[in-house]
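Below: the structure, in structure tokens.
Numbering starts at 1 and runs along the sequence shown. Ligands are counted one by one from 1 in listed order, and the atoms in each one are counted from 1 as well.
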Amino acid sequence: MTIKDKILEKLIKNKGKPVSGEQLASELSVSRTAIWKHIKVLKDEGYMIDSSTNIGYLLNETPDTLTPGEIKAGLKTKVIGKDIKYFKETESTNIIAREIAASVVEGTIIIAESQTAGRGRLGRKWISPVGGIWLSIILKPRIEPVYAPRITLLAGVSVAKTIQGFGIPAKIKWPNDVLINGKKVCGILTEIGAEVDIIDYLVVGIGIDANVDTGTFPEEFRDNSTSLEKEMGHKISRVEFVQKLLEEFEWLYTEFQKDGFPQILEEWRNMSATIGQWVKITAQARTIYGEAIGVDNEGALIVETGEGHLEKIVAGNCEHLRRP
Ligand code: BT5
């Protein structure tokens with residue numbers, strides 16, 4: 001954490017109450033002039049800080065940026081988000097995460113205000129303007145690569161539960177889209193680095209349309225997407241959302257490591273928008289039509305294609321259709 005982040009953390013903890021420059025200087029072992037310089041930078045970043053020689057520094061308003069200092073102030077996790085790498089703009093948080101995964105601790109997150117080359121699955125594009133939440137979590141679970149899809153499902157559950165915590169009915173479309181009223185508000189891209197039989201690292205990229213105007217998206221994506229702002233009718237605190245999400249994620253990840261995947265899967269099933277739907281699946285070179293009747297213990301989708309004939313789909317694209 002930089003000195004600036006530490007100052008911010010202290011001001012946020014004391015929001016509405018002044019903190020003296022002298023106290024900050026002595027607690028952080030720097031000069032009062034250094035404190036003053038960092039405060040100036042924070043003001044330039046949009047923090048409303050009153051300063052007076054007698055009283056000290058008083059934080060009145062934060063700009064809801066996703067800086068480490070903001071997120072860490074009040075964050076209740078032990079592992080997820082202990083280390084946060086922040087970018088105002090980057091190509092893709094997943095690219096950075098993969099580059100640094102080997103040299104950082106588990107739970108490190110990369111977060112950006114916007115991405116210039118956000119990535120979806122199978123080389124697809126992910127639109128990532130300012131106002132959204134674009135983050136990647138680096139994990140190092142001691143599991144075989146075949147179990148990696150479990151973590152994608154876990155991530156979907158963590159996002160859907162966080163959104164539900166804000167009073168919005170979020171559901172999950174197999175395997176990894178979070179929907180509100182049938183429209184996509186979040187996508188998840190999991191990438192792994194692995195040996196034959198053990199995972200070295202796993203990057204869970206989560207993109208959430210928080211305070212973005214999906215009306216500005218390219219026409220082909222517009223009708224199928226929505227944002228938290230649109231659904232709630234007002235902007236949300238992205239900082240609060242990220243804190244809740246990291247806490248939810250850590251709770252589920254801890255369960256997962258205690259062999260608690262069956263419970264997570266149960267939650268996934270309860271929030272599924274896909275089970276019971278007529279679907280079109282494209283997987284590798286195949287297209288399958290049928291009724292999605294469930295997911296198996298690894299999260300593979302089970303589709304009844306007719307006359308009791310079942311297909312199991314481990315990975316692929318899923319489109320919800322009208323019942324014929
Ligand atoms: C996904 O892919 O849904 C995974 C998206 C993961 C994004 C995060 S952001 C942080 C991290 N860094 C990255 O670079 N990526 C991850 P997929 O299932 O392939 O869905 C992609 C499709 O979703 C596109 O083809 C569009 O139809 C649609 N789409 C693109 N941008 C969208 C957005 N912002 N909101 C809703 N839908 C979008």
Side-chain angles (χ1 to χ4, degrees), residues 66 81 84-101 108-139 148-149 151-153 155-156 158-160 163 170-192 201-231 238 241-242 245-246 249 273-274 279-284 299 301 313 315-320:
L66 298 172
I84 300 177
K85 315 256 182 243
Y86 168 78
F87 295 83
K88 235 178 150 154
E89 181 180 278
T90 184
E91 233 180 313
S92 151
T93 55
N94 262 40
I95 293 182
I96 305 221
R98 288 176 59 174
E99 277 168 10
I100 65 167
T108 298
I109 73 165
I110 324 297
I111 194 159
E113 301 288 352
S114 67
Q115 298 183 120
T116 54
R119 299 165 57 206
R121 296 177 303 147
L122 306 166
R124 285 188 288 247
K125 248 176 132 172
W126 183 257
I127 317 282
S128 322
V130 171
I133 296 168
W134 324 117
L135 68 87
S136 301
I137 305 175
I138 297 171
L139 300 172
I151 301 208
T152 304
L153 296 189
S158 73
V159 175
I163 295 177
K171 296 220 159 210
I172 307 173
K173 188 178 98 167
W174 185 86
N176 61 354
D177 290 351
V178 181
L179 311 180
I180 303 174
N181 298 324
K183 297 192 172 191
K184 184 161 171 172
V185 71
C186 163
I188 296 166
L189 171 66
T190 306
E191 299 184 273
I192 63 170
Y201 66 82
L202 197 142
V203 169
V204 186
I206 302 177
I208 299 157
D209 300 312
N211 299 330
V212 304
D213 179 3
T214 50
T216 61
F217 283 9
E219 208 175 339
E220 66 271 30
F221 303 163
R222 220 175 283 162
D223 289 347
N224 295 323
S225 50
T226 189
S227 68
L228 296 177
E229 178 178 2
K230 189 168 172 197
E231 298 296 329
R238 292 181 309 149
F241 189 94
V242 170
L245 173 63
L246 298 183
F249 191 97
T274 300
V279 293
K280 174 185 175 187
I281 305 288
T282 27
Q284 279 135 18
L301 190 68
I313 297 106
N317 258 331
C318 169
E319 238 178 273
H320 291 173

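Between the side chain of Lys173 and the backbone N or O of Cys318 there is at least one donor-acceptor pair closer than 3.5 Å. Side-chain N or O atoms of Ser227 include one that pairs as donor or acceptor with a backbone N or O of Val212 at under 3.5 Å.
Ordered by chain and residue number, the residues placing a heavy atom less than 4.0 Å from ligand 1 are Ser92, Thr93, Asn94, Gln115, Gly118, Arg119, Gly120, Arg121, Arg124, Lys125, Trp126, Ile127, Leu135, Ser136, Asp177, Lys184, Gly187, Ile188, Leu189, Gly205, Ile206, Gly207, Asp209, Phe217, Phe221, Ser225.
By the side-chain hydrogen bond (donor to acceptor under 3.5 Å, both in side chains) test, Asn94 pairs with Ser136, Glu191, sequence neighbours left out. Checked against side-chain hydrogen bond (donor to acceptor under 3.5 Å, both in side chains), Asn317 has the following partners two or more places apart in sequence or in another chain: Arg121, Arg124.
Residue pairs satisfying the salt bridge (charged side-chain N to carboxylate O under 4.0 Å, His left out) criterion with at least one member in residues 216-229, sequence neighbours excluded, are listed as follows: Glu229-Lys235.
Evaluated for a side chain to side chain donor-acceptor pair (under 3.5 Å) with Ser128, the options Arg119, Glu113, Gln115 yield exactly one hit, Gln115.
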